[in-house]
Every structure is written in structure tokens, then in C-alpha cells.
Amino acid sequence: MGPAPEPWPDDPRLDPALLAGGDHRNVLDRYRYWSVEAIVADLDTRRQPVHIAIQNWEHDFNIGSIVRTGNAFNVAGVHILGRHRWNRRGALVTDRYLHVHHHPDVASFAQFCREAQLDVIGVDNLPGSVPLETVELPLHSCLVFGSEGSGLTEELVGACSRLVSITQYGSTRSMNAGAAAAIAMYHWALSHASGQAAGGVSSPAGRTRDGADTQHSSLG
């Protein structure tokens, strides 16, 4: 969207630089020309009470994809375990609108989850896991994903209250970590997020589940 026509509204949520230069970000139209801080503040009013965690032992390029999906589901928090630096390319700057936490090891992550009263759910096709489609994930969950290829480490498995796996029907042993994360988050949302039309749950047509139009900005 190009530069906004003047005169500009007197709205503290609007970013003067975006109004002048145009807003080309991948955001809903209702957030056009809003500052990052204003968007985050609005999203914070209706965060979903689910967290996601990703192991970052191998600088996995899938992390960015998982973070982007976390933004789509407006998760309450994203947790990076291991290396502080992670591959942000796939996130396409969507991490700016999320609360990202870093944990240098499993112990500090597990302590955070205990204090936040989160059920730690490992998503991996390991022995002892149960099919995802047969369970209802807890409302206050932290869904944990391992690195591509190696999966969850034994230490992290030990921090999980349960393990779930995604049923597969082909010849491959495992699926892409980013795809698995999207499936798990959607499964959680089917139980806990459906029916919420708090101004940002949008369909491809840009409408909330109750039919209200979400595709507008404060200029419209």
C-alpha cells in the first residue's frame, strides 16, 4: 500500500514514516500504517494461551517457518532453546509481533514452563508417543519441536509431560518440522480457538467468524 493521503488521522497507533513512505508489510489491512509497537499491543489483548518451543542446536532453517506459523496463530510465546542466534530468514520478520524467549538449556526452559503452569507437549514420532488426532491438547500447552532430522533430544523428552505424533501414511520416516508444527498448532486451535472472533480471526475473505469485516485500517 502506497503513501497515505493527507491529512493524516490523529491516531497514536499510526507510524508517520509508514504514512509518508507507504506500508508494504505482510500484515492484515486493519494494521496498515500502524507501528510495530501498536500492532503488538493489539495482539496482546487476544493472545492464544499456547506457547511453542523449538530446539536450536543445529541452526535449523525450519525455525523461521515455525515462528511464522506461531504468528498466524497469535501464540502467547515462542521459546528458542540452545543457541541464541537463530535462522530468522523463514520468519519474514513476523517475530517482531511475537514475544520471543531464549533459554540456553532445557533446565531453564522447564523452569519457565513450571512457573507459567504450562503443560510441555513434545511433538515427535518417538516410542511412547500417542497419535495427535486421538488427544485433546491442554489449553495451557507449550508445544515442543525438535531440530530437523535429529528430532527432540533425550533431555527435552524428559521435560515433556507427554509425547504426541502425527500419523503418516507414506514411505518417509518423518515430515518437515515446519509442517509438523503447523499441524500441531492447528490441532490445538480446533479445540481451543474456534469461535473466537476478537477482531483478528480472519478467513481468506478477511472476515471474522461472526462475519465482521477485519480488512480495514484506521484510515478507512
Task: Note, Ile183 side chain near Leu132 side chain (heavy atom, < 4.5 Å) - done: yes
TODO: Say whether, by atom type as modelled, one donor and one acceptor occur between the side chain of His187 and the main chain of Val135 under 3.5 angstrom.
DONE: yes
Open item on the list: To check you understand the geometry: which heavy-atom pair defines the closest contact between Pro16 and Leu14, and what is its length?
Closed with: CD-O, 3.5 Å
Open item on the list: Taking Leu190 as the starting point, is it possible to reach Val75 by hopping between hydrophobic residues whose side chains are less than 4.5 Å apart?
Closed with: yes
Task: Asn71 side-chain N/O to Thr94 backbone N/O, donor-acceptor pair under 3.5 Å - done: yes
- [ ] Quick one: pull up CG in Leu139 and OG in Ser191 and give me the separation to the nearest 0.5 Å.
- [x] 10.0 Å
Open item on the list: Any non-hydrogen side-chain atom of Leu143 less than 4.5 Å from a side-chain atom of Leu137?
Closed with: yes
Task: Closest non-hydrogen atom pair, Tyr31 against Asp23 - done: O-OD2, 4.0 Å
Task: Pairs involving residues 125-138, ordered by first then second residue, that meet side-chain hydrogen bond (donor to acceptor under 3.5 Å, both in side chains) (sequence neighbours left out) - done: Ser129-Ser165, Glu133-Thr167
TODO: Find out whether Asn74 and Arg47 are in side-chain contact, i.e. whether some heavy atom of one side chain is under 4.5 Å from a heavy atom of the other.
DONE: yes
TODO: Indicate, with yes or no, if Val93 and Ile39 share a hydrophobic cluster defined by side-chain heavy-atom contacts under 4.5 Å among Ile, Leu, Val, Met, Phe, Trp and Tyr.
DONE: no
- [ ] Measure the acute angle between the ring planes of His192 and Trp188, then classify it against the limits of 30° and 60° as parallel, tilted or perpendicular.
- [x] tilted
Open item on the list: Starting from Val67, can I reach Leu92 by hopping between I/L/V/M/F/W/Y residues whose side chains sit under 4.5 Å apart?
Closed with: no
Open item on the list: Does Glu6 have more than 12 heavy atoms from other residues, nucleotides or ligands lying within 6.0 Å of its CD?
Closed with: yes
Task: Gap between atom CZ of Phe73 and atom CZ of Arg68 - 0.5 Å precision - done: 13.0 Å
Open item on the list: Any non-hydrogen side-chain atom of Leu163 less than 4.5 Å from a side-chain atom of Leu152?
Closed with: yes
Open item on the list: For Met1 versus Tyr33, what's the shortest heavy-atom pair and its separation?
Closed with: CG-OH, 3.1 Å
- [ ] Look only at the side chain of Thr45 and the backbone of Ala41, and say whether a donor-acceptor pair between them is shorter than 3.5 Å.
- [x] no
Task: Pro49 versus Ala76, closest heavy-atom pair with distance - done: CA-CB, 4.4 Å
- [ ] Considering non-hydrogen atoms only, spot the tightest contact between Ser35 and Arg25 and give its length.
- [x] C-NH1, 4.4 Å
Open item on the list: Nearest 0.5 angstrom please: Gln55 CD to Ile80 CD1, how far?
Closed with: 11.0 Å
Open item on the list: Testing the basics here: between Ile66 and Gly178, what is the closest heavy-atom pair and its distance to 0.1 Å?
Closed with: CG1-CA, 3.8 Å
Open item on the list: Name the residue from His103, His102, His51 that meets the ring pair (Phe, Tyr, Trp, His ring centres under 6.0 Å) definition with Phe109.
Closed with: His103
TODO: Measure the shortest side-chain to side-chain distance between Leu118 and Phe112 over non-hydrogen atoms and say whether it is less than 4.5 angstrom.
DONE: yes
TODO: Calculate, to the nearest 0.5 Å, the distance between atoms CZ and CG belonging to Arg32 and Leu18 respectively.
DONE: 10.0 Å
Open item on the list: His99 and side-chain contact (heavy atoms from CB on, under 4.5 Å): which single residue from Val40, Leu43, Val78 fits?
Closed with: Val40
- [ ] Using the six-membered ring wherever Trp is involved, compare the ring planes of His79 and His101 and label them parallel, tilted or perpendicular (cut-offs 30° and 60°).
- [x] parallel
Task: From Asp105 atom CG to Gln111 atom CD, the distance as rounded to the nearest 0.5 Å - done: 9.5 Å
